[in-house]
Number of protein chains: 2
Amino acid sequence: MARPKSFDPDVALHQAMNVFWRNGYVGTPMPQLTKAMGIHPGNLYTNFGNKENLFFRSLLLYQKGQRIRMVNHIKNSTDDPLTCIKSLIQNIVLQAKEDSDCKGCFTVNTFLEINHHTDRVKEKVVSYFSEMKTTFLNLILQAQKYGQISVYREADGLTAMIVNALVGIHVMLRHPQTVDQSELMLSELLENLR
Amino acid sequence: MARPKSFDPDVALHQAMNVFWRNGYVGTPMPQLTKAMGIHPGNLYTNFGNKENLFFRSLLLYQKGQRIRMVNHIKNSTDDPLTCIKSLIQNIVLQAKEDSDCKGCFTVNTFLEINHHTDRVKEKVVSYFSEMKTTFLNLILQAQKYGQISVYREADGLTAMIVNALVGIHVMLRHPQTVDQSELMLSELLENLR
DNA sequence: TTGTTTGTTGAACGAATGTTCATAAAAGCA
DNA sequence: TGCTTTTATGAACATTCGTTCAACAAACAA
């Protein structure tokens, strides 16, 4: 009945995500996106709406990937809660460190551009962090139940510390020259969990 | 002999700094700068070169202000080293919290735009962090000498933790909805210093 | 084959970008 | 009052921005 698409929209979106992740929303011109996605402007607009919509979907794709990554890590972990927390943190940092583009965390990057974003983007950024907080909070409460973390230590504060530290590390990992500081920070963070 | 300037270059630079601080380099168009500085394009270029140069000078101005702020705080402090560290951290965070524009830290913001900056800007960003690290490291070593922080605690790691936490807090403070998390983080950080 | 439907192309649009430049204006000195 | 020097103005520049659209292409149904 109709002509089939000559490209995979999922693949194209993935390419767009990587460009936005690396250069941000304001810093990414449309021609760079069409080039990376391998499609022409007109085709981009019929498939993805406009730049804001493409960015929004890129952010959703990134967050979905991270969510799955975290959930899987916890689900597949046969370790005790504390070890799971530590390995999860290491897993997140390792992912960022292995990225030769030093893109950091897409959500953190977007957060720093906050003034240029629409409300729905802002919302997704904020909800991502509260989601992350909830994940770590549950693990910490579990670790306290297991007696691995003192119950006299406030779980809320500890959660904030972990999430905050991860944000800081993701910032530092954007430049090769400050990678060593994030390394130090990571080991300090892991040792402080008890 | 010649016509005097009709505006104060220092004041104009200060205005430019605030715009860049709030919206970033890529996110700030030239007309917004001329408007904020109260001068016309031609005048801007004869006085400040081009956009990159204006940004560079804005960053230098910001860093100079922060440097003075920190040095003065330490110099005027009559407290013991540990109290000085804590009050310095509180001072830095308070400054950011009092900013109704939620601009965060200019240097951190610039860091997240790193791909769009010239080498000399990158250099200033990196050196700012190592400077900050040195400042805190010296204070920590002093506190260890005073017996306020255990000598068995690695000063390097502690320093990285503080700087990293401050970076994270500055990110979180850019959006009103995540301010509470940075509050929790701050108290957690201050309590962990011993 | 023809008709219908959907996908692809890339030239073109108006608006905005960073920057320049010819002209006018203001000050002190002759 | 000229004359010289520095500054101020804002129109104009080429380029790039995000976006649109008319023309063309490919698939299937009839």
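Values below: every heavy atom of this structure, side chains too, minus hydrogens, waters and symmetry copies. In what follows, chains are A, B, ... by sequence order, proteins preceding strands, each numbered from 1.
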- For the pair E131(A) and K124(A), evaluate salt bridge (Lys or Arg N to Asp or Glu O under 4.0 Å) and give the outcome as yes or no after the intermediate values. CA-CA 10 Å; E131(A) 207 179 303; K124(A) 285 296 168 192; over 6 Å; no
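- Annotation: of the two residues near DNA chain D, A2(B) and G38(B), the 5′-most nearest-nucleotide partner is A2(B).
- Applying the side chain to side chain contact (heavy atoms under 4.5 Å, CB included) test between R22(A) and each of M17(A), Q32(A), K103(A) identifies K103(A) as the sole match.
- One donor-acceptor pair, N or O on each side, does fall under 3.5 Å between the base of dT7(D) and the side chain of R3(B).
- Computed from coordinates, the L33(A) CG to dT16(D) P distance equals 17 Å when rounded to whole Å.
- In this pair, F55(A) and Y25(A) present their aromatic rings perpendicular. The plane angle is above 60°, beyond the 30 to 60° band.
- Between F7(A) and F48(A), the two ring planes are tilted [angle within 30° to 60°].
- Proximity of residues 113-123 of chain A to DNA chain D (heavy atom under 4.0 angstrom from any strand atom) is not detected for any residue.
- Contact of the H73(A) side chain with the S87(A) side chain is registered, since non-hydrogen atoms from C-beta on lie closer than 4.5 Å.
- In terms of phosphate contacts, S6(A) brings no side-chain nitrogen or oxygen within less than 4.0 Å of OP1 or OP2 of dG7(C).
- For R120(A) and F56(A), the positive end sits near the middle of the six-membered ring, less than 6.0 Å away and at most 45° from its axis.
- Counting to the nearest Å, the P atom of dC28(D) and the NZ atom of K5(A) are 16 Å from each other.
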- Query: For F129(A) and F111(A), what are the C-alpha separation, side-chain angles and deciding distance, and is it a ring pair (Phe, Tyr, Trp, His ring centres under 6.0 Å)?
  - Reply: CA-CA 10 Å; F129(A) 282 115; F111(A) 208 104; 5.5 Å; yes
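- No more than 12 heavy atoms of other residues, nucleotides or ligands shown are found within 6.0 angstrom of CD on E154(B).
- Looking at every heavy atom in both residues, L139(A) comes nearest to C84(A) through CD2-SG, 4.2 Å.
- Nearest nucleotide to the side chain of P29(A), out of dT8(C), dG18(D), dT5(C): dG18(D).
- L184(A) is not listed as a side-chain neighbour of T159(B), based on a closest heavy-atom distance of 4.5 Å or more.
- Checking dC17(D), dT8(C), dG18(C) against every side-chain atom of P31(A), the shortest atom distance belongs to dC17(D).
- If you take NZ of K35(B) and P of dG18(C), they are 15 Å apart, rounded to a whole angstrom.
- Between I74(B) and T135(B), the closest side-chain pair of non-hydrogen atoms falls below 4.5 Å.
- Scanning residues 7-18 of chain A for heavy-atom distances under 4.0 Å to DNA chain C yields F7(A).
- For DNA chain C, the neighbouring residues in residues 39-54 of chain B, judged by any heavy atom under 4.0 Å, are P41(B), G42(B), Y45(B), N50(B), K51(B).
- Backbone-only engagement by T28(B) is indicated by non-hydrogen atom pairs under 4.0 Å involving sugar-phosphate atoms exclusively.
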